[in-house]
Amino acid sequence: MLGIETSCDETAAAVVRDGIEVKSSAVYSQIARHRPYGGVVPEIASRSHVELLPSIIEDALEQAGVRWPDIDRIAVTYGPGLSSSLLIGLSAAKALAMRLGVPLTGVNHLEAHLFSVFLGGNAPRPGEVCPMVVLLVSGGHTCLVRLEASLESTLLGQTLDDAAGEALDKGANLLGLGYPGGPAIEKAAEGGDPHAIDFPRGLRQSRNESTGGLDRARCFSYSGLKTALLYYLRNNPDAVTEDTLRDIAASYQEAVIESLMRPVENALEGEKVKALACVGGVARNRRLRARLDELAVRAGVRLLLAEPEFCTDNAAMIAAAAGMGAGVEVPPEGDLDVCPNLGLAGAV
Ligand code: KG4
Ligand code: ZN
């Protein structure tokens, strides 16, 4: 199976056997191209995918030690993401599938993140750890999902405003730490006091915006956090020195992470599951990984963390998802279009 991923600013291709054995995973991160603008520029992203995808696919084949006739299926992300970026991967996948005469599977990028915990040498099989609660924390999404051994998923909760990665990216921007914010804040926070400044955490009870039918106790919110940082910086113009930046970054990171804990704990209390998993770019964060470890011990469930290389966007998870039976099969005469706003099954 050849997997292709171009939903945002990573151009990626991978070769995966039997849904789990990663033969290669080639990822070109376009971060340096977007950094001068402080965020992803869609036009630059799609032009970069056009330029880079052919060689990334060739790299994936070469690293896997396979040739074109060895590929017997193609999997590609068809949403959610930037439409002009998704189109590049989907067009390439359609052309390759037609040329090679192999079936094509369209994969939901969010669903693929869920499967990233099954990748890597020591990863368990779904039957061993499901049902489980999965915390998906990326730049665009923050949600809680229940995943069954049958690989069916149910949305349990989601953010009512910003995603965790977005909160980190925006905070880093205010602190002048650059893009992407998650790794920049993690680095700046090293050795800092996470309790130095009391930034607001989680969903305030007084708010009553719609949760779309989801249990409020399992939903997340970052509203107020960025503003609190903005006001802190405005009110304490001399507060940011090399030393205090460490404490500010550590406190802000702690507030972002702490806001994830209560809803996860609530979901674990209500769902009878074997494991807690965490996936998505923010799952690379070492402080978050440590906090989830404590939480899983308290809840008496196994903790599964995606390997760092499979947390951020990659194509191995796309091929794995398709290989395990997720995704939409495109019939030979059928067609598939990009779905920039695609949600998880059951999402509102
Ligand atoms: O999953 P991902 O690569 O892309 C999306 O599907 O959104 O996640 C990207 C997000 C960004 O917001 C980035 O700041 C965050 O993941 N991120 C991190 C770390 N590495 C990446 N956040 C916290 N700590 C990290 N080490
Ligand atoms: Zn992603």
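All ligand and atom numbering here is 1-based and tracks the order in the structure.
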Inset, instruction - Could you tell me whether the side chain of D162 and the main chain of S223 form a donor-acceptor pair under 3.5 Å? - result: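 No.
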Legend entry - Expected output: side-chain S138 to main-chain G280 donor-acceptor under 3.5 Å: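 The answer is no, because no donor-acceptor pair under 3.5 Å joins these two groups.
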Among all protein non-hydrogen atoms, which one is nearest to [atom], and what is the separation to 0.1 Å?
atom	answer
atom 3 (O) of ligand 1	D313 N, 3.1 Å
atom 17 (N) of ligand 1	G281 O, 3.5 Å
atom 12 (O) of ligand 1	D169 OD2, 2.8 Å
atom 22 (N) of ligand 1	G182 CA, 3.2 Å
atom 9 (C) of ligand 1	G139 N, 3.7 Å

Inset, instruction - For the Zn ion (ligand 2), state how many protein N, O or S atoms fall inside a distance shorter than 2.8 Å. - result: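 Considering protein N, O and S only, the Zn ion (ligand 2) has 3 within range.
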Inset, instruction - Please determine, by modelled atom types, if T154 and E152 share a side-chain donor-acceptor pair under 3.5 angstrom. - result: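 Note: T154 and E152 side chains miss the donor-acceptor criterion.
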Inset, instruction - Verify whether one side chain among E43 and S84 offers a donor that lies under 3.5 Å from an acceptor in the other. - result: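 There is no such pair (donor and acceptor under 3.5 Å, judged by atom type) between the side chains of E43 and S84.
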Atoms of ligand 1 close to [X] [distance to a heavy atom under 4.0 angstrom, numbered from 1]:
X	result
H109	6 (O)
E186	24 (N), 25 (C), 26 (N)
G165	12 (O)
S138	1 (O), 5 (C), 6 (O), 7 (O), 8 (O)

At the 4.0 Å heavy-atom cut-off, does [X] count as touching ligand 1?
X	value
H141	no
H113	yes
C8	no

Inset, instruction - Please state which part of L168 comes within less than 4.0 Å of ligand 1, counting heavy atoms only: side chain, backbone, both or neither. - result: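 Answer for L168: side chain.
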Legend entry - Region of N285 engaging ligand 1 - heavy atom pairs below 4.0 Å: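 The part of N285 near ligand 1 is both the backbone and the side chain.
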Separation between [atom1] of [X] and [atom2] of [Y], rounded to the nearest 0.5 Å:
X	Y	atom1	atom2	value
N285	E186	CG	CD	4.0 Å
L168	Y222	CG	OH	7.5 Å
L230	K170	CG	NZ	12.5 Å

So, [X] and [Y], do they make that salt bridge, N to O below 4.0 Å?
X	Y	answer
E128	K274	no
R33	D9	no
E190	R286	yes

Inset, instruction - Indicate if L288 and F199 have the same hydrophobic cluster label, given that clusters are the connected sets of ILVMFWY residues with side-chain heavy-atom separations under 4.5 angstrom. - result: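 They do share one cluster, since a chain of ILVMFWY contacts under 4.5 Å joins L288 to F199.
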